[in-house]
Amino acid sequence: MAQVKIMARRNGPFRVEAPEGAIELVDADGNAYDLTGKTAFSLCRCGGSVNKPFCDGTHSTIGFEAAEAAVKEVDKAAPEQPKASS
Ligand code: FES
């Protein structure tokens with residue numbers, strides 16, 4: 001079983017669960033966020049959090065919708081669909 005679990009919450013954040021110290025989360029400059037004592041946290045994917053990269057619950061007030069789901073890869077043997085001409 002994997003040590004790190006990342007769950008795409010329905011119409012919400014990415015929920016990250018891992019043993020303490022198993023994950024390093026850094027900003028664009030490589031500076032680490034303090035995750036001391038945390039074994040779970042949520043990362044904003046709606047863009048509305050004022051506490052990025054963490055979720056602050058704003059997604060539920062702005063009507064964020066995420067339609068993705070884990071699906072099997074499309075059968076590569078299937079013929080390609082013709083492209084629409086313009
Ligand atoms: S996903 Fe929760 S505030 Fe963006």
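Counting starts at 1 for both ligands and their atoms, following the listed order. Please read these numbers as outputs of a predicted model, since none were measured by experiment. Below, all heavy atoms of this structure are taken into account, side chains as well, without hydrogens, waters or symmetry copies.
Taking every non-hydrogen atom of D56 and a distance limit under 4.0 Å, the qualifying atoms of ligand 1 come out as 3 (S). When each atom of ligand 1 is checked for a heavy atom of P13 under 4.0 Å away, the hits are 1 (S). Close approach to R45 involves these atoms of ligand 1, each under 4.0 Å from a residue heavy atom: 1 (S), 4 (Fe).
Within H59, ND1 is the N, O or S atom that lies nearest to atom 2 (Fe) of ligand 1.
Using a 4.5 Å cut-off between side-chain heavy atoms of Ile, Leu, Val, Met, Phe, Trp and Tyr, with links allowed through other members, F41 and Y33 fall into the same hydrophobic cluster. Under the 4.5 Å side-chain contact rule for hydrophobic residues, V50 and L43 do not share a cluster.
Between the side chain of K5 and the backbone N or O of A18, no donor-acceptor pair lies under 3.5 Å.
Side chains of H59 and C44 form no contact here, defined as non-hydrogen atoms less than 4.5 Å apart.
The distance from atom 2 (Fe) of ligand 1 to the nearest N/O/S atom of C55 is under 2.8 Å. Among the atoms of C44, no N, O or S atom falls under 2.8 Å of atom 2 (Fe) of ligand 1.
Donor-acceptor pairing under 3.5 Å is recorded for the side chains of D34 and T36.
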